[in-house]
**Student:** 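Here's a structure for you.
Keep in mind it's a predicted model, so treat the numbers as computed, not measured.
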Amino acid sequence: MTTDRPTGPRIEGLVLVLILIAVAGFAGAASFTHVKDWTLANSPTGTGAWFGWANAVISELVPIACLLTIRRRRRSGAPIGYPLFLLIAAASLSLAAQLAVAKPGISGWLLSAVPALAFMALVKLVLAPAPTPEQPTTPAAAPAEPIRVQVAEQVTTEPVPPAAITPTSATEPKPVAAPAEPVDVPVPSHLLPMARFAAVQHEQATGQPITPAELADRLDVTPPVAGQLLATIGGGAR
């Protein structure tokens, strides 16, 4: 399936190019001729016609080169002062030639300057960049705020590994210490599981209940706190 391309803009562009070529040709020829005649009229006798045409080419083509240079420098951000000065100087020279060969009077000056003015205007029309329509600027999206997740830190208390069990001699009786009297000491609740585990492990390994001193050594607490722990857990699992 083929889509029909619009032929209207293409035809208009072709017609515009033909008009520009025709106007540029006639305007350039008339302007060149005026500059040539003015040059030869003010040159010494015997000056060749080529000298007149040289001035005509210089006065008419230098502005085109200046316009191209100005466009290129604007794109690169370079200064355009010097090519702009040359453009004004060359255009002034061409207008001076048109007015010099014209019939004195406003009508004669205007009619004589039409080719140069038309040539300059045509060059400006062709070389000047076309204005581009402003594109609607979309507001920049605000950066999304990072999602902050509060994670509750869970503190787990691992049981203290049992101390190394040293084998005791069968003939050496182990002294049985009397249970310590409970002391009114605040019992840390987080130590109860560790105290119960230590008491059960000690009784399974030795056959004897753990003493407050042994429990205090394992849990790294004071003996009164160890005694209160033993009183709370009931002396360990029997």
**Student:** Just one of Thr69, Leu67, Ile80 clears the side-chain contact (heavy atoms from CB on, under 4.5 Å) bar with Leu87, so which one?
**Tutor:**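 The single option meeting the side-chain contact (heavy atoms from CB on, under 4.5 Å) with Leu87 is Leu67.
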**Student:** Do Leu93 and Leu61 sit in one hydrophobic cluster, given that two such residues count as connected whenever their side-chain heavy atoms are within less than 4.5 Å of each other, even indirectly?
**Tutor:**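 Leu93 does not cluster with Leu61.
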**Student:** Residues two or more places apart in sequence or in another chain: which of them pass side-chain contact (heavy atoms from CB on, under 4.5 Å) with Val62?
**Tutor:**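 Applying side-chain contact (heavy atoms from CB on, under 4.5 Å) to Val62 gives Ile58, Cys66, Ala90.
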**Student:** May I ask you to test the Val114-Gln98 pair for a side-chain heavy-atom distance under 4.5 Å?
**Tutor:**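 No, too far: nothing below the 4.5 Å cut-off.
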**Student:** Hydrophobic clustering (ILVMFWY, side-chain heavy atoms < 4.5 Å, transitive) - are Ile70 and Phe85 grouped together?
**Tutor:**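 Hydrophobic grouping puts Phe85 apart from Ile70.
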**Student:** Near Leu18 CG, under 6.0 Å, is it more than 12 heavy atoms from other residues, nucleotides or ligands?
**Tutor:**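 Yes, CG of Leu18 has more than 12 neighbouring heavy atoms, counting only those of other groups under 6.0 Å.
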**Student:** Restricting to non-hydrogen atoms, name the atom on Ala91 and the atom on Pro63 that form the minimum distance, rounded to 0.1 Å.
**Tutor:**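 Of all heavy-atom pairs spanning Ala91 and Pro63, the closest is N-CG, 4.3 Å.
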**Student:** According to side chain to side chain donor-acceptor pair (under 3.5 Å), who are the partners of Thr39, at least two apart in sequence or on a separate chain?
**Tutor:**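 Asn55.
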**Student:** Identify the residue among Leu219, Leu215, Val221 that makes a side-chain contact (heavy atoms from CB on, under 4.5 Å) with Met194.
**Tutor:**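 With Met194 as partner, Leu219, Leu215, Val221 yield a single side-chain contact (heavy atoms from CB on, under 4.5 Å), made by Leu219.
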**Student:** Out of curiosity, Phe197 CZ to His202 NE2, how far, rounded to the nearest 0.5 Å?
**Tutor:**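 Phe197 CZ to His202 NE2: 13.5 Å, rounded to 0.5 Å.
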**Student:** Supply the atom-to-atom distance Ser43 OG to Lys36 NZ, rounded to the nearest 0.5 angstrom.
**Tutor:**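 Reported value, rounded in 0.5 Å steps: 11.0 Å.
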**Student:** Could you measure the distance from the OG1 atom of Thr232 to the CZ atom of Arg196? Nearest 0.5 Å is fine.
**Tutor:**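 Thr232 atom OG1 to Arg196 atom CZ measures 9.5 Å (nearest 0.5 Å).
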**Student:** Could you state the interatomic distance from CD (Gln201) to OG1 (Thr206), rounded to the nearest 0.5 Å?
**Tutor:**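 Going from the CD atom of Gln201 to the OG1 atom of Thr206 covers 8.5 Å.
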**Student:** With rounding to the nearest 0.5 angstrom, report the CH2 to CG distance, Trp50 to Leu40.
**Tutor:**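 One gets 10.5 Å once the value is rounded to the nearest 0.5 Å.
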**Student:** So which heavy atom on Arg73 is nearest to which on Pro83, and how close?
**Tutor:**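 Closest heavy-atom pair between Arg73 and Pro83: NH1-CD, 3.6 Å.
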**Student:** Looking only at heavy atoms, which two atoms of Ser112 and Ala102 are closest? And how far apart?
**Tutor:**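 Here Ser112 and Ala102 meet closest at CB-CB, 3.2 Å.
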**Student:** Are Val35 and Leu86 connected in a single hydrophobic cluster, I mean Ile/Leu/Val/Met/Phe/Trp/Tyr linked by side-chain heavy atoms less than 4.5 Å apart?
**Tutor:**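 As far as the 4.5 Å side-chain criterion goes, Val35 and Leu86 are not connected within one cluster.
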**Student:** What's the shortest heavy-atom distance between Ala198 and Ile210, and which atoms?
**Tutor:**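 Of all heavy-atom pairs spanning Ala198 and Ile210, the closest is O-CD1, 4.1 Å.
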**Student:** Tell me which one of Leu99, Thr33, Val101 satisfies side-chain contact (heavy atoms from CB on, under 4.5 Å) with Trp38.
**Tutor:**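 With Trp38 as partner, side-chain contact (heavy atoms from CB on, under 4.5 Å) holds for just one option, Val101.
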